[in-house]
Each structure stands twice: as structure tokens, then as C-alpha cells.
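In each ligand, atom 1 is the first atom listed, and ligand 1 is the first ligand listed.
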Amino acid sequence: MTVASHHHVLIVGSGPAGLTAAIYAARASLAPLVIEGEPSSTSDQPGGQLMLTTEVENFPGFPEGIMGPELMMRCREQAMRFGAQFLTEKVTKVDFSQRPFRVWVRETQYTADSIIVSTGAQSLMLGLEEEKRLIGHGLSTCATCDGFFFRNQHIAVVGGGDSALEEAQFLTKFASKVTLIHRRDTLRASKIMQDRAIANEKIEFLWNAQVTKVLGQEKVEGVEVTDTVNGAVSTLPVTGIFVAIGHRPNTDLFKGVLDMADSGYLTTQPGSTYTNIPGVFACGDVQDHTYRQAITAAGSGCMAAIDCERWLEAQHA
Ligand code: NAP
């Protein structure tokens with residue numbers, strides 16, 4: 001098997017974390033190769049989760065807001081301007097057991113002195129056909145990002161875990177009413193989160209209910225809900241729906257290779273982007289289940305490039 005090319009830095013994934021790492025690494029004259037992913041309808045595509053959003057209003061520097069895909073395109077151009085190279089492919093296999101590190105795209109092998117992993121995470125979805133059409137048009141997976149758009153409206157949150165309750169609680173700042181739709185009659189969330197949500201007058205609970213359809217063509221106009229006990233179907237006239245049934249980090253490639261928590265998130269040394277393998281760094285949502293914001297992902301991408309640059313320098317000292 002031939003080696004296609006060797007690189008000082010190879011970045012896997014191209015959301016805000018990977019692209020920021022690419023800008024910093026490129027400006028440090030490290031000419032990174034970014035294997036950015038393949039276009040798809042999921043959040044492991046080039047540009048990551050922001051490709052599935054519409055308006056981003058909380059990224060500093062854009063007072064009028066910016067569309068998620070445009071923000072990512074601009075970051076990509078910025079990285080290219082300083083010499084980052086992009087490969088629109090999906091990594092299929094890695095071997096970090098020796099240096100240079102090895103990364104495969106099907107049969108083609110790339111080698112690198114250092115690796116930055118920024119493969120992100122995906123929000124779990126309900127699996128309904130209309131979710132793809134309505135995401136960013138009333139259907140969201142991030143209350144922090146989109147809650148503001150739902151002032152004085154009746155919205156729904158789906159899920160019964162800490163995420164769903166946290167989102168519901170947060171959304172009551174904007175919404176006139178939040179209906180929490182849960183498929184069972186007991187919550188999975190921690191007691192303290194349950195107590196807070198139950199005490200919040202703006203939150204009502206719809207128990208034993210599964211969302212079976214999201215209504216609306218151009219934007220969300222309601223949800224169809226099926227009772228999980230008696231099968232009765234009803235409609236809830238909401239203008240927004242937040243799906244909060246969990247996240248999954250994109251770490252299948254790194255199972256048995258990099259240290260990760262039971263939840264699949266990569267483990268990094270506190271306050272840094274170092275993984276358990278020297279020379280392999282991780283940034284963005286793939287190692288962050290707490291903040292999950294474009295700006296925090298970008299910040300950790302910057303950290304990864306700086307950690308990586310300093311580590312490479314130390315190898316040659
Ligand atoms: P989670 O604990 O796995 O809860 C997911 C919820 O979504 C469950 O209630 C589950 O229902 C429901 N669900 C899953 N698939 C569904 C489907 N297809 N249709 C309808 N409902 C579905 O996930 P999470 O809430 O994101 O939390 C993940 C981890 O992060 C947890 O350890 C949590 O404690 C932690 N977290 C902590 C905080 C905090 O402390 N502030 C905030 C957020 C998250 P069932 O209950 O029936 O399975």
C-alpha cells in the first residue's frame with residue numbers, strides 16, 4: 001500500500017473546532033491537511049452541526065447574525081488562505097500505535113507527525129422524515145442557540161433526561177408555555193432537575209407520549225403525538241419543537257485507540273486538548289458534552305493547534 005502524502009498535522013473533522021485548528025496550524029506554517037468528511041444529511045459532514053442550522057446569532061463578530069453554513073464556509077476559506085489543504089473524504093481507519101501516525105481513506109493511507117481529532121457529535125433525532133426538512137425552521141436541537149427565536153410562543157421539548165429538562169427550563173425565559181413530551185410517565189432526569197421543572201409554572205408535562213409526526217411544510221405548525229399506552233393520536237399546536245433525547249459523539253473510529261468515557265466522548269487532560277496518546281489532540285464536541293457551542297468548539301480548536309504546535313516543537317528540541 002502506498003502513502004498518499006505525509007503531513008506535520010492532520011486534522012480529522014471540519015466543524016468550528018477543526019476549522020479553527022486549521023487556521024491556527026496553517027498560520028503557524030504547519031500546512032495542515034484537513035480530512036473534512038463527506039457531504040451528507042447528518043452532522044458528521046463537512047462543516048459539522050452548523051450545516052444543519054439556519055441563523056446563528058450568538059457567534060461574536062456578527063451583530064446581524066450569520067447563516068451556519070456561511071460561517072463554516074468563511075472559516076474554511078480563512079484556513080485555505082494560510083495554506084490548509086482539504087480532502088472531502090471520510091476517514092475509514094486510523095492507527096495511532098506508532099509514529100508517524102497513520103490514517104486511511106478507504107485504501108489510501110496518509111501519515112502525520114501529529115493528529116487533531118475534531119469529529120464532533122450528533123444530536124439524536126426521532127427518526128421522522130420531516131425532521132430533515134424542518135430543522136432550522138422551528139425544529140431545533142439546541143435551546144441556547146435558538147430559544148430566542150420563540151418569544152411568547154408555545155413550544156415543545158421532547159425527552160425526559162437532564163438535557164430535556166434543562167432545555168425546557170431555559171426555554172421558559174422566552175416561550176409563553178413549554179410542553180415537555182416524554183414517552184414514559186417517569187422522568188430519567190436527576191431529582192433536582194425534576195423538582196425545578198415541576199415547580200416551573202410555564203412547563204406542562206405530556207406523559208406517555210411519543211411524537212409521531214412534525215406538522216408543517218415550510219415551518220413547524222404543530223406535532224402529532226401518540227399515546228404510548230392507549231394509542232390515541234392527538235395534535236399539539238406548537239410553533240417550535242426542541243428534540244433533546246441525547247447526543248452521540250462521532251468516535252466509532254477511535255474505539256480501542258483513544259481513551260473515552262462510557263458515553264463515547266474522548267477524554268482530554270483537564271485544561272488542555274491532550275489525549276492519552278502524545279501527539280494526538282482532541283477538540284470540540286467530540287470531547288465536550290457540557291457546552292457544545294460553536295464558539296467553545298472554536299476556542300478548543302485554537303487550543304488544540306497551539307498544543308500541537310508546541311508539542312511538535314518539543315519533538316525537535
Ligand atoms: P439521556 O439521559 O440519555 O436521556 C434521553 C431521554 O430521551 C430519555 O428520557 C429517553 O427516554 C428519551 N428518548 C431517547 N430516545 C427517544 C426517542 N426516540 N423518542 C422519545 N424519547 C426518547 O440523555 P441526556 O438528557 O442528553 O443526558 C445525557 C447525560 O448528560 C446524562 O448523564 C445527563 O445526566 C447529563 N446531563 C447533565 C446535565 C446537568 O446536570 N445539568 C444537563 C444535561 C445532560 P427514556 O427515559 O424512556 O429512555
_Any protein heavy atom at under 4.0 Å, with atom 30 (O) of ligand 1 as the reference point?_
no
*Does some non-hydrogen atom of the protein lie less than 4.0 angstrom from atom 20 (C) of ligand 1?*
yes
*Before signing off on this row, confirm whether Met125 and ligand 1 have an N or O atom pair separated by under 3.5 Å.*
no
*Quick one: does Gly161 get an N or O within less than 3.5 Å of an N or O on ligand 1?*
yes
_Of the listed options Arg184, Arg183, Gln169, closest to atom 14 (C) of ligand 1 (non-hydrogen atoms)_ = Arg183
_Test: Glu130 and Lys213 ion pair at under 4.0 Å_ = no
_Count I, L, V, M, F, W, Y as connected when their side-chain heavy atoms are under 4.5 Å apart, and connections chain through other members. Are Leu124 and Ile181 then in the same cluster?_
yes
_Check: Thr172/Asn200 side-chain N/O donor and acceptor closer than 3.5 Å_ = yes
*With a 4.0 Å heavy-atom cut-off (strictly under), which part of Gln210 contacts ligand 1: side chain, backbone, both or neither?*
side chain
*Flag atom 42 (C) of ligand 1 as yes if some protein heavy-atom distance to it falls below 4.0 Å, otherwise no.*
yes
*Would you say the side-chain atoms of Ser114 pair up with the backbone N or O of His8, donor to acceptor, closer than 3.5 Å?*
yes
*Taking the six-membered ring for Trp and the full ring for Phe, Tyr or His, determine whether the centres of Phe174 and Phe149 are under 6.0 Å apart.*
no
*With the threshold set at 4.0 Å, does a side-chain nitrogen-carboxylate oxygen contact exist between Arg292 and Glu166?*
no
*Should Arg99 and Asp95 count as an ion pair when the cut-off is N to O under 4.0 Å?*
no
*Does a donor on one side chain sit under 3.5 Å from an acceptor on the other, for Thr267 and Asp259?*
no
*Hey, is ligand 1 close enough to Asp162 that some N/O pair sits below 3.5 Å?*
yes
*asked:* Which residue is it: Asp113, Ile116, Thr273? I am looking for the one with a side chain to side chain contact (heavy atoms under 4.5 Å, CB included) to Cys308.
replied: Ile116
*Heavy atom of His182 under 4.0 Å from ligand 1?*
yes
*Give the numbers and elements of all ligand 1 atoms closer than 4.0 Å to a heavy atom of Gly160.*
6 (C), 7 (O), 8 (C), 9 (O)
*Of the protein's non-hydrogen atoms, which lies at the shortest distance from atom 28 (C) of ligand 1, and what is that distance?*
Ser163 OG, 4.6 Å
_Per-atom contacts, ligand 1 versus Leu126 - under 4.0 Å to a heavy atom_ = 19 (N)
*Aromatic rings Phe254 and Phe96: how do their planes relate, parallel, tilted or perpendicular, breaks at 30° and 60°?*
parallel
*Protein contact of atom 3 (O) of ligand 1 - nearest heavy atom, named by residue and atom, plus distance*: Arg188 CD, 4.3 Å
*Going by the atom numbers of ligand 1, which of them fall below 4.0 Å from some non-hydrogen atom of Gly246?*
23 (O), 26 (O)
*Any protein heavy atom lying closer than 4.0 Å to atom 38 (C) of ligand 1?*
yes
*Which residue holds the protein heavy atom closest to atom 5 (C) of ligand 1, what is that atom called, and what is the gap in Å?*
Ile245 O, 3.5 Å
